[in-house]
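Working notes, beginning with the structure itself.
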There are 2 protein chains.
Amino acid sequence: MAKRKVVVTRQLIDEAQELLDGRSDLEIVQWQSEKPCERSWLIDNAKGASGILLMLTDKCDEELVSTAGDQLKVIASFSVGTDHVERDALKKRNIRLGYTPKCLTDAVADLTIMLILMAQRRGGEAMGKVLAGEWPQMPWHPLLMTGPQISKSTVGFLGFGRIGQATLKRLLPFGISRVIYLTSKPGQPVKDDHYGLTKQTEIPIEPAKNWEQLASESDILIVGCALTPSTKHLVNADFFARMKKLAVIINVARGPIIDTNALVDALDKEQIFGAGLDVIENEPNIQADHPILKQPRCVLVPHIGSATIATREQMATESVKNLLAGLSGEAMVNEVEL
Amino acid sequence: MAKRKVVVTRQLIDEAQELLDGRSDLEIVQWQSEKPCERSWLIDNAKGASGILLMLTDKCDEELVSTAGDQLKVIASFSVGTDHVERDALKKRNIRLGYTPKCLTDAVADLTIMLILMAQRRGGEAMGKVLAGEWPQMPWHPLLMTGPQISKSTVGFLGFGRIGQATLKRLLPFGISRVIYLTSKPGQPVKDDHYGLTKQTEIPIEPAKNWEQLASESDILIVGCALTPSTKHLVNADFFARMKKLAVIINVARGPIIDTNALVDALDKEQIFGAGLDVIENEPNIQADHPILKQPRCVLVPHIGSATIATREQMATESVKNLLAGLSGEAMVNEVEL
């Protein structure tokens with residue numbers, strides 16, 4: 001019997017690559033460059049493939065799956081989101097779709113804490129002053145470079161899923177006072193309490209009635225919801241106008257949930273204290289003259305939420321496991337219901 | 001009876017200033033500029049003072065106290081350290097010394113967490129790339145901008161006092177595996193367990209035998225000890241040579257505990273992954289061409305450990321309380337045993 005072919009659009013990390021290479025029953029066709037896989041290469045090589053392991057940067061559409069042919073059984077995506085996959089193209093052919101949604105919770109929650117602290121403690125501004133050689137000329141005075149502190153804060157979550165809850169778990173020993181959260185069902189208790197926090201902790205953790213309450217009562221506001229038509233630009237000028245002057249806003253979800261122009265304006269007017277963003281509208285096309293980069297109280301990092309070695313290794317390994325499970329008809333680590 | 005005179009080398013923050021201004025029985029002489037108090041002003045005005053409230057930037061020495069005169073009862077320092085005070089000059093005159101050592105624990109522990117995360121997640125480097133307009137040209141690949149993750153780490157503390165323990169309390173929900181600490185008594189359990197952590201937590205928290213063990217086993221190394229002749233340059237080339245390639249080092253204590261040249265060299269040679277510094281040798285005289293500023297994996301902020309609004313307000317208020325207690329012979333909030 002001829003070996004089944006699998007196409008992989010990346011070189012993988014140690015354990016994952018070994019898992020793949022150990023399968024001598026497969027013909028493995030793998031993109032070799034450090035750069036993203038070229039579309040033409042993927043289309044050419046997909047022909048006759050039984051499985052494809054691909055990245056967020058590789059579009060998986062009708063063209064790709066029809067070119068591959070009827071033997072295609074599985075798409076294993078090395079990603080949390082699956083926006084790059086046309087689900088209908090897979091569903092009508094009974095092709096299974098694997099993804100890696102869970103392994104990045106810790107990495108993103110960690111980064112959320114970093115961004116909260118950088119926004120409050122003026123991390124970007126502080127580093128910038130040192131780098132510019134301004135430290136020798138900064139005369140000490142009691143309020144020099146001060147910012148708000150986490151202790152005694154009300155923390156607001158816009159979206160309160162696994163990552164938000166993992167962030168809350170980390171925030172508790174910082175001495176926060178209260179938590180409010182807004183989900184797609186305002187006023188209702190969150191459905192999945194992944195760490196049993198709402199029952200165990202000694203501070204109130206309650207659903208917000210509406211976005212107005214979330215905006216006006218939060219000292220730290222964490223955007224962690226999905227991007228949908230109803231969350232796009234949910235954080236806009238009206239929202240910022242209700243926020244506290246010493247509040248910070250963090251976005252570790254999707255850029256377009258915050259109206260960037262409104263954020264720049266809110267920082268200009270000192271309606272809020274600062275911002276920490278891992279994502280932004282129109283990323284990665286943020287040029288050096290983008291107005292957000294002129295805001296000393298805004299920290300922007302290039303979508304590195306899941307960028308830890310441990311997480312990426314785990315994502316790679318789970319992607320390979322999903323690929324192999326798809327070929328053999330076994331259970332995947334995480335599969336999208338199409 | 002003439003009013004007793006107190007000299008204050010700063011304008012204070014709301015509550016503290018009100019507490020002072022409310023004392024109509026005192027003649028209050030207060031430096032009015034935003035810049036640090038001039039030495040000549042302090043010496044001139046100290047004459048006849050019963051109490052002096054001063055800052056870290058004001059040297060309190062034989063000249064100052066002898067100029068003030070025999071009626072001087074109290075020095076209230078708005079600071080955690082008292083290196084700027086000549087203790088003998090006070091002791092031989094029975095002048096009491098107040099300071100504010102405790103109120104900044106939360107602020108410094110928070111900043112320590114920020115620096116750990118920035119060192120691991122390449123916060124400075126990530127921001128720098130975005131600010132330079134490099135984001136649009138960063139092709140995604142699985143290990144792009146990755147760094148180590150807190151979970152499963154061994155955390156090492158060089159010095160394990162209140163701030164170190166408050167930092168540990170915050171680190172526990174990040175999923176660390178193990179803690180080792182080195183104090184002035186290697187191998188012995190820490191004397192003060194401020195939060196009961198060594199008994200309650202589910203991971204091992206143990207004294208290190210020596211600095212070699214601390215260096216070689218820590219994934220995150222936090223410098224939080226006092227600066228003494230035996231800790232000066234304790235973290236040197238030999239120390240870095242034993243550290244793990246993926247380890248990060250954090251200094252929130254005093255600059256000279258780390259040999260800066262050795263740190264630059266260790267980063268150059270990739271002996272460690274990164275560094276996060278709130279303090280550095282010869283601060284604040286760090287010019288823009290200082291070699292540490294050329295290290296993308298080193299984050300340096302300008303000694304902002306206690307720089308939160310809440311902490312500085314509390315420090316100001318406690319300083320005034322210490323001053324007043326010194327005048328009336330009552331118990332201070334915190335007094336140095338001379």
Side-chain angles (χ1 to χ4, degrees), chain A residues 10 12-13 34-36 55-57 78 106-107 110-111 113-114 117-118 121 123-124 126-127 129-133 135-136 138-151 169-170 172-175 283-288 293 299-302 304 307-312 315-316, chain B residues 10 12-13 34-36 55-57 78 106-107 110-111 113-114 117-118 121 123-124 126-127 129-133 135-136 138-151 169-170 172-175 283-288 293 299-302 304 307-312 315-316:
Chain A
R10 272 287 165 183
L12 298 172
I13 313 169
E34 274 294 283
K35 291 182 184 165
M55 311 284 131
L56 203 59
T57 36
F78 181 113
D106 282 336
D110 284 8
L111 195 87
I113 301 295
M114 180 186 100
L117 287 163
M118 288 184 75
R121 304 300 293 274
M127 272 184 57
K129 283 181 188 292
V130 172
L131 287 170
W135 195 358
M138 285 165 70
W140 192 86
H141 67 87
L143 288 180
L144 180 72
M145 288 302 293
T146 49
Q149 191 167 308
I150 297 180
S151 61
K169 201 171 61 153
R170 286 159 172 72
L172 289 173
F174 285 82
E283 67 177 67
N285 295 314
I286 305 300
Q287 307 297 333
L293 302 184
V299 166
L300 174 59
V301 293
I304 56 173
T308 69
I309 301 161
T311 295
R312 292 289 167 80
M315 287 174 79
Chain B
R10 272 288 166 183
L12 299 172
I13 314 169
E34 275 293 285
K35 291 184 184 163
M55 311 284 129
L56 203 58
T57 36
F78 182 113
D106 281 337
D110 284 8
L111 195 87
I113 301 294
M114 180 185 99
L117 287 162
M118 288 184 74
R121 305 301 292 275
M127 273 184 58
K129 284 182 188 289
V130 172
L131 287 170
W135 195 359
M138 284 165 70
W140 192 87
H141 67 86
L143 287 181
L144 179 71
M145 287 302 293
T146 49
Q149 190 167 308
I150 296 181
S151 61
K169 202 172 61 154
R170 287 159 172 73
L172 290 171
F174 285 82
E283 68 177 65
N285 295 314
I286 304 301
Q287 307 296 334
L293 301 183
V299 166
L300 174 60
V301 292
I304 56 173
T308 70
I309 300 161
T311 295
R312 292 289 168 80
M315 287 174 78

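Lettering follows sequence order; numbering is per chain, from 1. What's counted below: heavy atoms across the whole structure, side chains too, no hydrogens, waters or symmetry copies.
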| task | Locate the shortest heavy-atom distance separating W135(A) from V301(B); write the atom from each residue and the value. | result | CH2-O, 4.0 Å
| request: Specify which of K35(A), Q287(A), M127(A) makes the most heavy-atom pairs with chain B at under 4.5 Å. | output: M127(A)
| message | If I compare all heavy atoms of Q149(B) with all of A107(A), which pair ends up nearest, and what's the gap? | response | OE1-CB, 3.7 Å
| request: Heavy-atom distances under 4.5 Å only: say whether K129(B) touches chain A with side chain, backbone, both or neither. | output: neither
| said: Between R170(A) and chain B, with a heavy-atom cut-off of 4.5 Å, which part of the residue counts as in contact: side chain, backbone, both or neither? | reply: both
| query | What residue, out of A288(A), A316(A), G123(A), G175(A), has the most heavy-atom pairs lying under 4.5 Å from chain B? | reply | A288(A)
| field | Closest non-hydrogen atom pair, P142(B) against I13(A) | value | CB-CD1, 4.2 Å
| Out of P36(A), G133(A), G147(A), A126(A), which one racks up the most heavy-atom pairs below 4.5 Å with chain B? | G147(A)
| Selection from I286(A), N285(A), T311(A) maximising heavy-atom pairs under 4.5 Å formed with chain B | I286(A)
| field | Atom group of M55(B) that falls short of 4.5 Å from chain A, counting heavy atoms | value | side chain
| At a heavy-atom separation under 4.5 Å, does A132(B) approach chain A through its side chain, its backbone, both, or neither? | backbone
| field | Residue among L300(A), D106(A), V299(A) with most heavy-atom pairs under 4.5 Å to chain B | value | L300(A)
| For R312(A) and L144(B), which heavy atoms make the closest approach, and how far apart are they? | NH1-O, 4.0 Å
| In terms of heavy-atom pairs under 4.5 Å with chain B, which of T57(A), I309(A), T308(A) leads? | T308(A)
| request: Might you point out which heavy atoms bring D110(B) and L117(A) nearest each other, and give the distance in Å? | output: O-CD1, 3.5 Å
| message | For M138(B), which atoms come within 4.5 Å of any heavy atom of chain A: side chain, backbone, both, or neither? | response | side chain
| message | So for R121(B), is it side chain, backbone, both, or neither that comes closer than 4.5 Å to the heavy atoms of chain A? | response | both
